[in-house]
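Scroll down for the structure; my scribbles are underneath it.
Every chain is numbered from 1 and lettered A, B, ... according to where its sequence line falls, protein lines coming before strand lines. For the numbers below, each heavy atom of this structure counts, side chains included, while hydrogens, waters and symmetry mates do not.
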Protein chains: 2
Amino acid sequence: MSIRNPKQALFEQFAAVAKGLGNPQRLELIEQLAQGPRTVEALAAKLSLPVANVSQHLQAMRRAGLVTSERDGKFVRYQLADASVLAAFAAIRSVAERHSAEVERVVRGYFDRRDDMEPVSREELNALISEGLVTVIDVRPADEFALGHLPGALNVPLSQLEERLSDLQPDREIVAYCRGPWCVMSFEAVALLRKRGFQARRVEDGLPEWRAAGLPVETPL
Amino acid sequence: MSIRNPKQALFEQFAAVAKGLGNPQRLELIEQLAQGPRTVEALAAKLSLPVANVSQHLQAMRRAGLVTSERDGKFVRYQLADASVLAAFAAIRSVAERHSAEVERVVRGYFDRRDDMEPVSREELNALISEGLVTVIDVRPADEFALGHLPGALNVPLSQLEERLSDLQPDREIVAYCRGPWCVMSFEAVALLRKRGFQARRVEDGLPEWRAAGLPVETPL
DNA sequence: AGTTAATTCAACATAATCATTGAATGATGC
DNA sequence: GCATCATTCAATGATTATGTTGAATTAACT
């Protein structure tokens, strides 16, 4: 171990946190954990990765101070260490958004008709919900919905949207949301709904941001 | 390059940004560049690093979208890509600070009750061991114990202490040690033992200091 | 106590990152 | 053109990250 001055030690700590974020799988884990605490097994299933691999990533993230774990019966439940982790993720995302032509290209694929895809802001949606003017659908899988969702939201996982169109009132505007600003499910949901003649928009970000902003969340149990 | 869906491509971009921040030297470069544009040479002088090394770091950061460069006469001047880079740096730092603050808080919590925790000095413990008056337990994990420990010490990793209390004689004083003066495991061990009615103290420091003082160490093999 | 299931560990192969060296490039000024 | 200097490139070796496999732990249940 080499001799380090305090400043170098400090920067090594910072770098360790950044390294913890420096892997696409780990970022996906963070996106999942932003929805709520998860077991290793559940995360491995979500990402379609070997359990041991996920376990190692989670331990690396725990060493970096990004997540915490606690035993719950025969499971170990991981969760984000605190809100600053999501803030760091958002900051990273922001840098990528501004400077990556690749990101731009991918996003533009969904935003082709950008004018039509103008998102609803959190504040605007909160007002619309209070006045009962819109149908809010949560297009995430049912397990994520069960752990918390927007007040009054209807869970229609993207995979089932097509079959469940009849559950939706055709004369009300529909607002769709999913995991976060880069979650593509809400883009696809809005695209599908419009193709079927619905008036639909997406929320500018997802449940984690909504929760972080202190807006009301329905959490069963 | 493997086939990626749009989501994976996005997360790889985000991860690339985080990787660009995942090195202490690069973070120091960002700190310097936060003051204003700098040439490669100036940065190399500031960090006392080879110019070629700094040049490579800067190029890596440019690929990640963290900095931009422009030629200025015979110099190349680098600068931060935009304010979002500093925001990301601050977010990373915030995670690290909360993480280490947590550690600091825990340690301080143990040291606050110092009076109750009067430690045994090395010399005193050496005498107690010679006279066979105490049970010495090593609360480090088994692998560390295997590489050397105090003479006659019993390895009871902190995580197993609760279940192995029956291994300990209730009428003998117990002395616990671990890695060093800042290792909290022996604090926790003593706290637990006292709660269960044992007379217990901790050693003022750990095995490395014991060994450095020239006192006897049992090393298997 | 033994069994089962979830998680972690250990060991390995592969790949990426890092610092160092010396040579190559590109712009400047004589 | 030619020399000079800042920067970049290329090659090397050392270190660290990554994913895979199967075994070892751990806690709950019988």
Side-chain angles (χ1 to χ4, degrees), chain A residues 1-2 4 8 11-12 15-29 37-64 66-79, chain B residues 1-2 8 11-12 15-29 37-64 66-79 141-144 146 155-164:
Chain A
M1 191 168 309
S2 66
R4 294 189 306 261
Q8 284 173 325
F11 276 79
E12 278 179 29
V17 173
K19 271 183 196 167
L21 295 168
N23 174 286
Q25 267 89 34
R26 286 201 288 269
L27 291 180
E28 261 195 276
L29 288 171
R38 294 287 136 93
T39 65
V40 179
E41 192 185 30
L43 291 167
K46 273 282 181 205
L47 303 204
S48 302
L49 287 177
V51 176
N53 190 353
V54 170
S55 174
Q56 288 182 170
H57 277 311
L58 288 168
Q59 286 174 69
M61 290 162 74
R62 186 173 50 196
R63 282 192 296 273
L66 295 168
V67 303
T68 59
S69 66
E70 67 176 355
R71 198 164 252 286
D72 176 14
K74 57 169 66 172
F75 296 90
V76 173
R77 211 170 286 277
Y78 281 84
Q79 60 182 329
Chain B
M1 189 166 312
S2 66
Q8 284 173 326
F11 277 76
E12 277 178 30
V17 173
K19 272 184 193 165
L21 295 167
N23 174 283
Q25 267 87 36
R26 287 201 288 268
L27 290 180
E28 266 195 272
L29 288 171
R38 295 279 188 281
T39 65
V40 180
E41 192 184 31
L43 291 166
K46 269 283 181 209
L47 303 204
S48 302
L49 287 176
V51 177
N53 190 353
V54 171
S55 173
Q56 287 183 175
H57 277 312
L58 288 168
Q59 286 172 70
M61 291 161 75
R62 186 173 50 195
R63 281 192 296 272
L66 295 168
V67 302
T68 59
S69 65
E70 68 175 354
R71 197 164 255 286
D72 176 14
K74 58 169 64 174
F75 295 90
V76 173
R77 212 170 285 279
Y78 280 85
Q79 60 182 334
D143 59 324
E144 298 181 37
N155 182 216
V156 187
L158 181 58
S159 57
Q160 305 168 17
L161 180 56
E162 187 127 33
E163 308 118 57
R164 294 185 53 191

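Comparing D:dG19, C:dT20, C:dC18 by their closest approach to the side chain of B:N23 singles out C:dC18. Side chain of A:E41, nearest nucleotide from C:dA6, C:dT20, D:dT7: C:dA6. The side chain of A:V76 sits closest to C:dT8 out of D:dT8, C:dT8, D:dA10. Considering only the side chain of A:Q25, D:dG19 comes nearest among D:dG19, C:dA19, C:dT7.
Rounded to whole angstrom, the span from the CZ atom of A:R62 across to the C1' atom of C:dT7 amounts to 11 Å. Atom CZ in A:F75 sits about 12 Å away from atom P in C:dT8, given to the nearest Å. The nearest whole Å value for the distance from the CD atom in B:E70 to the P atom in D:dT7 is 13 Å. Summarising the geometry, the separation between CG on A:L47 and P on D:dG19 is reported as 11 Å, rounded to the nearest angstrom. Rounded to an integer number of Å, the gap from CG of A:L29 to P of C:dT7 is 13 Å. Here the C1' atom of nucleotide D:dT7 and the CG atom of B:L49 are 16 Å apart, to the nearest Å. A:M61 has its CE atom 15 Å from the C1' atom of D:dT18, to the nearest Å.
In terms of phosphate contacts, A:S55 brings a side-chain nitrogen or oxygen within less than 4.0 Å of OP1 or OP2 of C:dT8. For D:dA17, the OP1/OP2 oxygens have no side-chain nitrogen or oxygen of A:H57 closer than 4.0 Å. Look at A:Y78 and you won't find any side-chain N or O under 4.0 angstrom from OP1 or OP2 of C:dA6. In this structure, B:Q56 does not reach the D:dT7 phosphate: none of its side-chain N or O atoms is under 4.0 Å from OP1 or OP2.
Side chain to side chain, A:T68 and A:R62 fail the donor-acceptor criterion of an N or O pair below 3.5 Å.
When side chains are defined from C-beta on, B:E70 does not count as touching B:V76, because their heavy atoms never get closer than 4.5 Å. The shortest side-chain heavy-atom distance between B:Q25 and B:L49 falls under the 4.5 Å cut-off. With contacts defined as side-chain heavy-atom distances shorter than 4.5 Å, the pair B:Y78/B:R38 does not qualify.
Mapped onto DNA chain D by nearest heavy atom, A:G22 and B:Q160 fall at different nucleotides, with A:G22 at the one closer to the 5' end. Both A:K74 and B:K19 lie near DNA chain C, and the one whose nearest nucleotide falls closer to the 5' end is A:K74.
As judged by a 4.0 angstrom heavy-atom cut-off over every strand, A:R77 is placed among residues making no nucleic acid contact. Nucleic acid contact class of A:A52 (heavy atoms, under 4.0 Å, all strands): base. Within the 4.0 angstrom heavy-atom criterion, only backbone atoms of the sugar-phosphate kind lie near A:Q59; the bases stay farther away.
Closest approach of B:R26 and B:G20 over heavy atoms only: NE-O, 2.9 Å.
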